[in-house]
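Everything below concerns the one structure shown next.
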Amino acid sequence: MKSRGPYRRHSTPFKLQLCQDIRNGVIGRRDAQRSYGVSANLIQLWLTQFDRGELNDEEAEASVIAEYEAHIAALERKVGQLTMELDLVKKTPRQPIAGDSGNSSIVTGPRPVLSDGGAK
């Protein structure tokens, strides 16, 4: 027996476009099955919904908006996480590096040592 692949969800715009293409004769049902890996029963279900007007542009737009909102929420969570990490790094005291005497600067280099006028 052939095992089924992973569970997939198809977007409303995809379903709508596929149904329009089938109804307009652009692609046949069998070609759609082979090309997109969709079962005949699923295509028939979508065509029934399409004929009843259940697959329309408003639903497609709502689906796209929902996907965008989910993506925005995920990005907001990531920004919050990164902000917390940055705040933690800023609050953590910096450990001095070995050999860092504090007498040098990246911009000016080592500070000159004051001599006592040439006495040996």
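From a predicted model like this one, the values you see are computed outputs, not experimental measurements. Every heavy atom of this structure was used, including side-chain atoms; hydrogens, water molecules and symmetry mates were not.
To the nearest 0.5 Å, atom SG of residue Cys19 and atom CG of residue Asp51 are 8.0 Å apart. Thr48 OG1 to Ile43 CD1: the interatomic distance, rounded to the nearest 0.5 Å, is 11.5 Å. With rounding to the nearest 0.5 Å, the separation of CD1 in Ile22 from CD in Gln44 is 9.5 Å. Here Glu67 contributes atom CD and Glu69 contributes atom CD; the two are 11.0 Å apart, rounded to the nearest 0.5 Å. If you take OG1 on Thr12 and CD on Gln49, they are separated by 9.0 Å, rounding to the nearest 0.5 Å. Leu47 CG to Leu42 CG: the interatomic distance, rounded to the nearest 0.5 Å, is 10.0 Å.
Of all non-hydrogen atoms in Arg29 and Arg23, the two that sit nearest each other are NH2-NH1, 3.9 Å.
Taken together through direct or relayed side-chain contacts under 4.5 Å among Ile, Leu, Val, Met, Phe, Trp and Tyr, Leu45 and Leu16 form part of one hydrophobic cluster. By the rule that hydrophobic residues join a cluster once side-chain heavy atoms approach within less than 4.5 Å of another member, Phe50 and Val26 end up as members of separate clusters.
For Gln81, the side chain to side chain contact (heavy atoms under 4.5 Å, CB included) test picks out Lys78, Glu85, with sequence neighbours left out.
Applying the side-chain contact (heavy atoms from CB on, under 4.5 Å) test between Lys90 and each of Leu86, Thr92, Leu88 identifies Leu86 as the sole match.
Contacts classified as side chain to side chain donor-acceptor pair (under 3.5 Å) and involving residues 32-43 (residues at least two apart or in different chains) are given here: Asp31-Arg34.
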